[in-house]
Amino acid sequence: AQSVTQPDIHITVSEGASLELRCNYSYGATPYLFWYVQSPGQGLQLLLKYFSGDTLVQGIKGFEAEFKRSQSSFNLRKPSVHWSDAAEYFCAVEVQGAQKLVFGQGTRLTINP
Amino acid sequence: DAGVIQSPRHEVTEMGQEVTLRCKPISGHNSLFWYRQTMMRGLELLIYFNNNVPIDDSGMPEDRFSAKMPNASFSTLKIQPSEPRDSAVYFCASSPGTPWGNIQYFGAGTRLSVL
């Protein structure tokens, strides 16, 4: 069965520091991968997606993610975080042909001033 | 477009009462999803519809939960009778419903508290 693992439940970084959030997936075929962000009291918003092609994808708010098939990973990065990036981040894989997403447990990001 | 609209935003009810959550998907989207989010279990898919037809309801916790989509612009999730363990944030999402690469767009959620 498809699964998504986000090893870090909570990460704290200083404002201006770089960020990497990890995501590993288990899926037999070529995955469609997503990162969503959830601000407090809000729904999930798409940050970026990978369907095919260039394995480094750019998203909104200065985020990028790299698909590494050999490592079954899709890590999210940002060179310099801002206090407004404090939120919960979810990695997800689409089950092909089923249109539904399997989400990881999420990583909560705290930003120190 | 106004996005996915959920109502109410907050619901407080007493155990045993019926609760109905509502969702209006984005116009033109063919798929609709209901999720539940709790601290303990994270984000769980309850049920999803394609072209108003329930496709997968394996995530529905038990018979107390039911969902309907009478037309392309409206869906309900009903809990009857409600229990304290149903307290959670319930999200509705919609997507274009293409065979692959669907982006799901989420509503702001309904925070349900069952006392």
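By convention in this document, chain letters (A, B, ...) are assigned in the order of the sequence lines, proteins followed by strands, and residues within each chain are numbered from 1.
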Undergrad: So, A:Arg108 and A:Asp8, do they make that salt bridge, N to O below 4.0 Å?
TA: no
Undergrad: Taking side chain as everything from C-beta outward and backbone as N, CA, C, O, which of these in A:Lys100 sits under 4.5 Å from a heavy atom of chain B? Side chain, backbone, both or neither.
TA: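 It is both, since atoms from each part get that close.
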Undergrad: Examine B:Phe106 together with B:Tyr35 and report whether their ring centres are nearer than 6.0 Å.
TA: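 B:Phe106 vs B:Tyr35: aromatic centres under 6.0 Å.
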Undergrad: Heavy-atom cut-off 4.5 Å, strictly under: side chain, backbone, both or neither for B:Gln37 against chain A?
TA: side chain
Undergrad: Within the 3.5 Å criterion, strictly below it, is a donor on A:Thr110 or A:His10 matched to an acceptor on the partner's side chain?
TA: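 Yes, a side-chain donor-acceptor pair sits under 3.5 Å.
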Undergrad: Heavy-atom distances under 4.5 Å only: say whether A:Gln38 touches chain B with side chain, backbone, both or neither.
TA: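 Just the side chain, heavy atoms under 4.5 Å.
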Undergrad: Taking the ring centre of each residue, are A:Phe63 and A:Tyr89 less than 6.0 Å apart?
TA: yes
Undergrad: Output the option from A:Gly43, A:Ala92, A:Gly104 having the highest count of non-hydrogen pairs under 4.5 Å with chain B.
TA: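 Heavy-atom pair counts peak at A:Gly43.
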Undergrad: State whether the number of non-hydrogen atoms from other residues, nucleotides or ligands found under 6.0 Å of A:Lys78 atom NZ is greater than 12.
TA: yes
Undergrad: With no hydrogens and no angle check, just 3.5 Å: does a side-chain donor-acceptor pair link A:Glu94 and A:Tyr27?
TA: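 Judged by distance alone, the side chains do not pair up.
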Undergrad: Measure distances from B:Ile103 to the heavy atoms of chain A and classify the residue's part below 4.5 Å as side chain, backbone, both or neither.
TA: both
Undergrad: With only heavy atoms counted, which part of A:Tyr36 is less than 4.5 Å from chain B, the side chain, the backbone, both or neither?
TA: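 Side chain only.
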Undergrad: Non-hydrogen atoms of chain A under 4.5 Å away: do they reach the side chain of B:Arg41, the backbone, both or neither?
TA: backbone
Undergrad: Checking heavy atoms, do the side chain of A:Leu44, its backbone, both or neither come under 4.5 Å from chain B?
TA: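 Both parts, backbone and side chain.
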